[in-house]
Amino acid sequence: MATERYNPRETEPKWQKNWSDAKVFETNNDAPGEKYYVLEMFPYPSGRIHMGHVRNYAMGDVVARYKRAKGYNVLHPMGWDAFGMPAENAAMQNKVHPKEWTYQNIDTMRRQLKSMGLSLDWSREFATCDVDYYQQQQHLFLDFLKAGLVYRKQSKVNWDPVDQTVLANEQVIDGRGWRSGALVEQRELTQWFFRITDFSEDLLEALDGLERWPEKVRLMQRNWIGKSEGMMVRWALDEETAPDGESELEVYTTRPDTIFGASFMAISPDHPLARRAAENDPALAAFCDECRRAGTSLAALETADKKGHATGIHVKHPFDAEWKLPVYVANFVLMDYGTGAIFGCPSGDQRDLDFANRYGLPVTPVVMPNEADAATFHITEEAYVGDGVMINSRFLDGMTPTEAFDRVASELAEKTINGRPQGERRVNYRLRDWGISRQRYWGCPIPVIHCDACGVVPVPITDLPVRLPDDITFDKPGNPLDRHETWRHVACPECGKDARRETDTMDTFVDSSWYFARFTAPWEKRPTDPQAANAWLPVDQYIGGIEHAILHLLYSRFFTRAMRITGHVGMDEPFKGLFTQGMVVHETYKGAGGWIAPADVVVEDHQGERRARHAETGEDLVIGSIEKMSKSKKNVVDPDDIIASYGADTARFFMLSDSPPDRDVIWTDAGVEGAHRFVQRVWRLIQEAREPLVATDPAAGKEGDALAVSRAAHKALKAVGEDIERLGFNKAVARIYELVNALAAPLQRAASGKVDPQLAAACREAVEILIQLIAPMTPHLAEACWASLGHPTPVSQASWPQFDPALVTEDEITLPVQINGKKRGDLTIARDASQGEVEAAVLALDVVRSATDGKPPRKVIVVPQRIVNVVV
RNA sequence: GCGGGCGUGGUGGAAUGGUAGACACACAGGACUUAAAAUCCUGAGGCCGCAGGCCGUGCGGGUUCGAGUCCCGCCGCCCGUACCA
């Protein structure tokens, strides 16, 4: 019997319209059922969606559709992370207004997402650049300000002296501005900060409670917060070398036990003492300037060659006033961490050792392994960082480092310098306060006013929003808000005199730190409806890229706490479950003229060797490495093209198959075609057997082939449910393949009319289960199949079926039998056989008897329901 | 530099410390066809082979009755590194 091929181009838009007309996916906050909030990280509207989005949203959609079928009231919204630099770059390059560029991109991407058939509640959609959204963000800012969570301080930025603009770290390449090529300078600006460090301990401790977060993300956040228990130690400056008025250098150390191994002090180029010393030392001043040119990026700073410059200043050792140590300015010491000054102990720290060797400073080992000999223990090229015993450390000799730490702490607490204890224990965090000021146009304006008389005045909440002006240009360098005189000019809300608006806008991370809360009541005329927020939050399942493991997730955790303090939500943690998906990667192709897009490449197999050539010119191309899809390498596959030729279901199914969702997936044409064949196969198998299936009611089989069909279906049902719960989509897909393979033969027989009523009923039940299993992944196909069986209501509104426990357990099990850990045979035995029965049966096996050679085995290990190992 | 992760057939991958390679892709053979496509069936980690063995999860060690999985040391790739989002 001939059946028509499944035509996604006709079927998919039809079902999308049905869902939309019936508002199946619009969520009512008051609907019955336990709530379930599934959210994928919202996209930046860069222009078009890419395969990474398809993968991310396909995963979230499986969860949303599955949970809906399980009877939950599901919230699954979508929005746009719409502020940010690319809109300004586009404005400069193409003379298009950032607003226009952004909303056009959103229109394109919304259409693309809709063509994917995602079960999203589009009625709650918003963009962070919508005035309605950023008005509420300004409201939050003012509340935070009032609650003491916001302050201003001096902070450094990368300054491009030619373009007269602040550069992002990624715009600084080898110390030069990306556009101008000019050497980057550092500038100190007064900027706005959120007091995230007030929450350091809480953000750290609460990680333990985030049980449904990947351990790796919790670890990364723990390390990022970087709690350490050390000491503040004040070193007296040697009077003869100290600048006037300077008498001490305060240092933070986690290793006071190594204080007798100290050989130099290193301070940041921005340390006040460095600045004082540089005043009369042009060479030192030049060195400090050079350090500052590296930019503000920590990675650039720390991968740079470790360099220092002597200041001429010396300090006195706390336990020996005669012992003087030189003070260096070093490019690897950060003003932001601790006190901006360290003491270097070369024997116990590789970086300090490299530094000491470079500048000819002494190296005294102070900790050695317990078994080493103090007389011969030397450190030359490799520092010893392990535990052990103290040596060369006077009254600390023989102690463990921990004992020595305590002793130094108590000794230094007794000594005083300038009227204060010379040492104090101190808990320190690596985490820094969150600088949110951006000297850019396309962001949320910070709602404050600067008045010469009143100082910094918050904009009254009733005056919000502070709207971004539309009449701006990018033809001049710098921030358009800064030179917009009429916008800047404003009356002081307190005294009414002429005043100026703040021209900094907020970091776009602020926008994405509370959007998940806004989705719970996007219509509200205040930031949240606390009742709705508390009902929906925390997000049950949040899905996005691992690249957000630290900043976005940590900022959101802080923001939720801040919103709780200011009464907008009632919880601390925004995301109960977190899943980080891998990237979509693709082969790269390169011709004489540069990178070639996969759409223009034909890959052929020549006797096992893959070759690529240009589809039009025929030019031979080099097949390059597999890399993250990016515009620069042109190795992108446009979801539009895939959906147009294969349909959304195929694209979704492929993105869920094969690769574990937390790992990268390689996009290949063969993979898409395989997924597409599966879609066609399911359709064909069901359509060919449609008549006998429609003619019978579903019922589980009791014996023979019918029983086998029902067993296969119920086992798959159980396994797929469990796999989806654990987000093991690739495993769920494998189970579905198995089921389809098992159903193929019976369905073909049914198609030719050669099945008894029992088998027909079992097939009908199995096919309905199959359709429901694929419904979260390939929803359009599932609807088409479901309707073809005569169901009047869509499968997207059907309840998830329940498996019959009797059909998923076997009476007999087959245990592998190992001899000395290597598999040598199998044992089939009753499932409920006792340990003793299993052991007796194993020893009776031929392979075991020939191996034991008549003697009793040394040991028999029976792992119930798993394996048997005989040790001979 | 530092923090985190990953590494298994020709390919993507599967495997609560318990049969390594499920499932799929690609490939080969067969069926159907005038032919092709599509579809269906079969085969397959490598090596030696006659039955049966040996070797195999990036590399080198270790723990264990048993290691892809745990521990130690390397190598390679990826993510983050606070103004990309």
Side-chain angles (χ1 to χ4, degrees), chain A residues 5 41 43-44 46 81 83-86 157-158 166-172 196 214-217 219-224 226 295-306 332 336 350-351 430-440 507-509 512 545-552 554-555 580 582-583 585 605 608 610 625-628 657-660 662-666 668 670-671 673-675 677-678 680-681 684 728 730-731 733-738 741 744-745 748 814-826 858-861 863 866-871:
Chain A
R5 276 172 71 81
M41 290 179 186
Y44 178 79
S46 55
D81 187 12
F83 275 135
M85 285 198 309
V157 294
N158 301 308
V166 175
L167 297 175
N169 283 337
E170 71 159 10
Q171 297 174 323
V172 178
I196 189 171
E215 187 53 42
K216 61 180 172 187
V217 175
L219 234 190
M220 281 190 257
Q221 292 214 350
R222 226 168 258 140
N223 291 334
W224 184 261
T296 57
S297 143
L298 189 59
L301 219 64
E302 295 215 351
T303 43
D305 205 14
K306 306 293 172 289
F332 56 85
D336 294 319
Q350 193 60 43
R351 193 173 58 184
R430 206 187 71 105
L431 183 64
R432 312 201 295 251
D433 272 334
W434 175 11
I436 60 153
S437 280
R438 296 293 180 272
Q439 294 69 42
R440 297 185 209 293
D507 178 9
T508 56
F509 273 122
S512 56
I546 184 70
E547 67 272 22
H548 295 294
I550 297 175
L551 293 181
H552 162 59
L554 195 62
Y555 290 153
T580 55
M583 296 179 299
V585 293
D605 227 311
R610 296 178 68 247
S625 61
I626 295 170
E627 298 187 45
K628 177 177 173 174
S657 319
D658 290 349
S659 283
D662 54 348
R663 260 199 255 171
D664 290 352
V665 61
I666 304 180
T668 60
E673 279 158 22
R677 270 202 298 276
F678 170 81
Q680 292 295 346
R681 188 176 183 219
R684 183 169 14 83
N730 58 323
K731 287 179 234 169
V733 166
R735 296 299 195 159
I736 289 171
Y737 270 114
E738 277 175 1
N741 288 343
Q748 279 160 9
T814 299
L815 292 176
V817 176
Q818 293 183 329
I819 293 167
N820 292 338
K822 292 203 171 175
K823 196 204 163 193
R824 287 293 183 258
D826 291 300
R858 259 194 27 217
K859 202 171 178 184
V860 180
I861 294 146
V863 183
R866 272 290 181 196
I867 201 168
V868 182
N869 190 13
V870 181
V871 186

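Of all nucleotides present, none satisfies the Watson-Crick or G-U wobble test against B:rA44 with each distance under 3.5 Å. Look at B:rC84: it lacks any Watson-Crick or wobble partner with both distances under 3.5 angstrom. The pairing partner recorded for B:rC6 is B:rG76, the criterion being a Watson-Crick or G-U wobble arrangement whose two distances lie under 3.5 angstrom. Nucleotide B:rU39 is matched to B:rA31 when pairs are restricted to Watson-Crick or G-U wobble geometry with both distances under 3.5 angstrom.
Residue side chain A:Arg735 does not reach the base of B:rC23 through any donor-acceptor N/O pair under 3.5 Å, judged by distance alone. Side chain A:Gln439 to base B:rC83: a donor-acceptor pair is found below 3.5 Å.
Counted by atom type alone, A:Asn169 and A:Thr296 present one or more donor-acceptor pairs between their side chains at under 3.5 Å.
Between B:rG80 and A:Asn223, no contact under 4.0 Å exists linking OP1 or OP2 to a side-chain N or O.
Atom CZ in A:Phe509 sits about 7 Å away from atom P in B:rU81, given to the nearest Å. Rounded to whole Å, atom P of B:rC23 lies 15 Å from atom CZ of A:Phe678. As rounded to whole Å, 13 Å separates atom C1' of B:rG21 from atom NZ of A:Lys823. To the nearest angstrom, P of B:rG12 lies 16 Å from CG of A:Asp662. Put simply, CD on A:Gln680 is 18 Å from P on B:rA24, counting in whole angstrom units.
In this structure a side-chain-to-backbone donor-acceptor pair under 3.5 Å is present from A:Asp433 to A:Ile196.
Separation of the C1' atoms belonging to B:rG60 and B:rC83 is 44 Å when rounded to the nearest angstrom. When the C1' atom is used for both B:rG10 and B:rA28, the distance is 13 Å, rounded to whole Å.
Glycosidic conformation of B:rG9 is syn; the angle stays within 90° of 0.
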